A.B. asks: 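Structure provided below as structure tokens; questions to follow.
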Amino acid sequence: MSSAEDIPIIVEFTGGLEMLFADERKHKLSVPAKDSKGDAVTVGWLVEYLCDELMRDMRKEMFVLDGHVRPGILVLINDADWELEGEATYALQPNDNILFVSTLHGG
Amino acid sequence: MSSAEDIPIIVEFTGGLEMLFADERKHKLSVPAKDSKGDAVTVGWLVEYLCDELMRDMRKEMFVLDGHVRPGILVLINDADWELEGEATYALQPNDNILFVSTLHGG
Amino acid sequence: VTHEKWPLAAEDYKRYGRQMIVPNIGIQGQLRLKNASVLIVGAGGLGCPAAAYIAGAGVGTIGIVDGDEVETSNLHRQILHSTSKVGMKKVDSAILYLKSLNPNLKYNAHTSHLTPENSQGIVSQYDLVLDCTDHPTSRYLISDICVLLQKPLVSASALRTDGQLIVLNSPPLLAGNEAGGPCYRCVFPKPPPAESVVSCGDGGILGPVVGVMGVLQALEATKLIASGKLTSSGSEEAKKDASMLLFSTNSNPPFRSVRLRSRRPKCFACSAEAGLTLEGLSSGSLDYVLFCGINVPVSIL
Amino acid sequence: VTHEKWPLAAEDYKRYGRQMIVPNIGIQGQLRLKNASVLIVGAGGLGCPAAAYIAGAGVGTIGIVDGDEVETSNLHRQILHSTSKVGMKKVDSAILYLKSLNPNLKYNAHTSHLTPENSQGIVSQYDLVLDCTDHPTSRYLISDICVLLQKPLVSASALRTDGQLIVLNSPPLLAGNEAGGPCYRCVFPKPPPAESVVSCGDGGILGPVVGVMGVLQALEATKLIASGKLTSSGSEEAKKDASMLLFSTNSNPPFRSVRLRSRRPKCFACSAEAGLTLEGLSSGSLDYVLFCGINVPVSIL
Ligand SMILES: [Zn+2]
Ligand SMILES: [Zn+2]
């Protein structure tokens, strides 16, 4: 298979984050298997990609701050905290589910 | 691969049915891919198998009545009503999740 | 839709403001809630929390059906009643509480159990029905009358550490229209053997388990009403399969959504071949007790 | 464990009988509930249903902390209060209700907000804490004092149509013991930017959404107590990762359980390198308001 191949993933937003992404909670995406350097794409790459390509809302800082997912957002890879999976360095696999959850504080 | 190969499946019981199966809700099973006639094993075959091999409780009629899963039990194949999947004739696939739910009536 | 400038009373903006600013509710949704009527069948472990949140949300007319009286053994889970109300009709006790929470609604007390004879007269007064009862006989009866009168039905049940929730007959289209939502008989064409039926009294129940299911019934009701999907004309979305929510406190994950079938082609209640009629039901020719068998649990399941 | 023949009062067998016959509860579990004390921080949309079911279940001592008074805009979701109690302290209103539901328990009213100064004195009186508050400052404070005093913490939150639930510091082992459950800081080491924090007052909330989360808090509390897992000695099971329950009314499926990390090796509160002390906390040297930034929501997220 060619290195230009795309891999299908599902990206979801909840806890209010969906408002930054056209109010859509679930996005079926096809992302390149390799980045511009030829390395396997990671969740870190995906965060940048979402910010640049998917997010139409101007308030980028509500999603990414200082180059990292902003505090108060949990990132889950196949329903596990991304800290259990290598965080931003995790290499995306076909059919992965990446969930971004904004922590709620109301009660 | 040989026809004698086993396939791994998960069988679950809830709604009280687990009491008939040693109070275990989740059973990881390995079942033969083919039945004695050489046909692919089905959910119908599985029901008989569970009754004969897994169930230690003597009250078989709480699970199977007149050769069928008793009324009041829903059978779900990978979280879909088995009536959407061909009912008892559905051929088991590796890693299938088969869930038996006893309907509750309390309130 | 009203065309007045201030379609709600001044107090309503204060009382319901926090839910009116939720996307998908708004003034439109609040007005739908105000103009809607909901029947809650059963004022027990499911009906208590369901009624509290439905009254809180401002559903204009709330009816409650129950023939029972409050007992001390109810109080761990039937949180609208109270120790001083032991012996009072549950319906009257519940309405006392609801009036103190929200005095601006209309409450109807139906202080006997729902029967084939009285069900048409009661259910026809409402837009939406919640089945908060605890026996298969009432579950089949309620489903049947909802199909006949084209009312959506939010049905829940609970026992021990488990609960189940399903929205039935939604959209509530005429029998024979396959685009309508399935009814209880579509999902359970045959009743369970009587000896497999266990009540909360016999099997036990954790209060918050039945509580969660009752609150979720209120949520489904609020969503159906506020979104304008109560009637068939309001539900223009693509037909979706029905789904059932399963809850097992001790399972991991504890909640699970499963996909159910749509209307059953030969359903006794909602198909083109249905044998069910209002006349048959109200004349008592359908014997729900006989259909479900005797009610003497001889087993723990 | 008591050795009396009838360790519960005669009325208790009637009142709690339906939950005592549930497997895993029994007399042992009921006695644990009776001997336990629970602190509910916040008598709002989460605290109301949580308190109702915890009192229903028979937890012997229930404390409630809240400095606020009942407002009309609370009533759609804060179901222990009532229209005639508008203006009353929420804690007093809630306890009036709870006493009428179950007069056999001890209720403690703490009618000011939890602060770094008063938190040790209040929290030390209880076995288990429920965080039913609505701001990051209180969430970090409550987590910190629970770590310092070794109390398990059941934390929930809700906004608009979504809710979240997590059991923290369970088992509640000493800071530095990696077998203890993670604390709030393990999961959220840095607070969210202040402009991303939205309260239910500003963002809105559906009553049954926060209601479901509050009832689930009561369920987690009941399970922890009845199973004897309140203290570290009671929790002998193999260490499990913590998990968080996510609820989104409009998602399919609506409930989702996700796996969280265990204790963070450099956690400020619960690790061997923790900088947190009782003295530091109660002296006010930890400024939670400064830590979390100013509280003027300028954004809808
Ligand atoms: Zn039907
Ligand atoms: Zn920590």
Side-chain angles (χ1 to χ4, degrees), chain C residues 11 14-25 49 52-54 56-58 71-79 81-84 97 100-103 160-161 200-209 211-212 215-219 222-223 243 245 247 249-250 252-257, chain D residues 11 14-25 49 52-54 56-58 71-79 81-84 97 100-103 160-161 200-209 211-212 215-219 222-223 243 245 247 249-250 252-257:
Chain C
E11 194 207 298
K14 211 190 273 181
R15 183 180 281 268
Y16 308 120
R18 295 297 181 271
Q19 84 186 18
M20 285 168 64
I21 60 178
V22 172
N24 307 333
I25 303 284
Y53 285 96
I54 283 175
E71 297 175 25
T72 301
S73 65
N74 302 150
L75 296 175
H76 80 106
R77 68 190 189 281
Q78 303 186 14
I79 59 162
H81 310 309
S82 60
T83 304
S84 66
Y97 162 93
S100 78
L101 180 68
N102 192 344
R160 294 189 193 99
T161 58
C200 290
D202 294 317
I205 179 74
L206 287 185
V209 168
V212 163
V215 180
L216 288 172
Q217 283 184 286
L219 183 56
T222 304
K223 282 161 59 182
S243 73
L245 181 71
F247 176 58
T249 307
N250 297 319
N252 184 15
F255 287 95
R256 193 154 164 175
S257 295
Chain D
E11 195 207 298
K14 211 190 274 181
R15 182 180 282 268
Y16 308 120
R18 295 297 181 271
Q19 83 186 18
M20 287 167 64
I21 60 177
V22 172
N24 307 332
I25 303 284
Y53 285 96
I54 282 174
E71 297 175 26
T72 302
S73 64
N74 301 150
L75 296 176
H76 81 105
R77 67 190 189 281
Q78 302 185 16
I79 58 161
H81 310 310
S82 60
T83 304
S84 66
Y97 163 92
S100 77
L101 180 68
N102 193 344
R160 296 190 192 98
T161 57
C200 290
D202 294 317
I205 178 72
L206 288 186
V209 168
V212 163
V215 179
L216 288 172
Q217 283 183 286
L219 182 57
T222 305
K223 282 160 59 183
S243 73
L245 181 70
F247 176 58
T249 307
N250 298 318
N252 184 15
F255 287 95
R256 194 154 163 174
S257 295

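Note that the structure is a prediction, hence the values are computed from the model and not measured. Order of the sequence lines sets the chain letters (A, B, ...), proteins ahead of strands, with each chain counted from 1.
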A.B. asks: Would you find a donor on one side and an acceptor on the other, under 3.5 Å apart, between the side chain of C:T83 and the backbone of D:L101?
C.D. replies: yes
A.B. asks: Which of the residues D:G201, D:P253, D:S84 is involved in the greatest number of heavy-atom pairs with chain C at under 4.5 angstrom?
C.D. replies: D:G201
A.B. asks: Counting heavy-atom pairs under 4.5 Å with chain C, which one of D:S243, D:A57, D:G203 comes out on top?
C.D. replies: D:G203
A.B. asks: Taking C:K14 for the side chain and D:E71 for the main chain, is one N or O donor matched with an acceptor at less than 3.5 Å?
C.D. replies: no
A.B. asks: Determine, stepwise, if the pair D:I205 / C:I21 fulfils side-chain contact (heavy atoms from CB on, under 4.5 Å).
C.D. replies: CA-CA 8 Å; D:I205 178 72; C:I21 60 178; over 6 Å; no
A.B. asks: Using 0.5 Å steps for rounding, measure from the CG atom of C:N102 to the CG atom of D:L75.
C.D. replies: 8.0 Å
A.B. asks: For the interface with chain C, which of D:S257, D:P49, D:S73 has the highest count of heavy-atom pairs at distances below 4.5 Å?
C.D. replies: D:S73
A.B. asks: Please determine, among D:R18, D:R256, D:R15, the option with the most heavy-atom pairs under 4.5 Å with chain C.
C.D. replies: D:R18
A.B. asks: Does C:F255 form a side-chain contact (heavy atoms from CB on, under 4.5 Å) with D:L245? I'd like the steps, not just the answer.
C.D. replies: CA-CA 9 Å; C:F255 287 95; D:L245 181 70; 3.8 Å; yes
A.B. asks: Quick one: sort the C:Y97 and D:Y97 rings into parallel, tilted or perpendicular, breaks at 30° and 60°.
C.D. replies: perpendicular
A.B. asks: Are D:Y53 and C:V209 side-chain neighbours, meaning at least one heavy-atom pair lies under 4.5 Å?
C.D. replies: no
A.B. asks: How far does CG of C:L219 sit from CG of D:L206, to the nearest 0.5 angstrom?
C.D. replies: 6.5 Å
A.B. asks: For each of D:P254, D:P103, D:P208, tally heavy-atom pairs with chain C at distances under 4.5 Å, and name the one with the top tally.
C.D. replies: D:P208
A.B. asks: Is chain D contacted by the side chain of C:N74, its backbone, both, or neither, given a heavy-atom distance below 4.5 Å?
C.D. replies: neither
A.B. asks: Which is it for C:T72 and D:Y16 under the side-chain contact (heavy atoms from CB on, under 4.5 Å) test, yes or no, and what are the steps along the way?
C.D. replies: CA-CA 9 Å; C:T72 301; D:Y16 308 120; over 6 Å; no
A.B. asks: Between the main-chain N or O of C:N250 and the side-chain N or O of D:K223, is there a donor-acceptor pair closer than 3.5 Å?
C.D. replies: no
A.B. asks: Name the option with the most non-hydrogen atom pairs under 4.5 Å to chain D; the candidates are C:V215, C:I79, C:T222.
C.D. replies: C:I79
A.B. asks: Top residue by heavy-atom pair count (under 4.5 Å) with chain C, among D:G207, D:G17, D:G58?
C.D. replies: D:G207
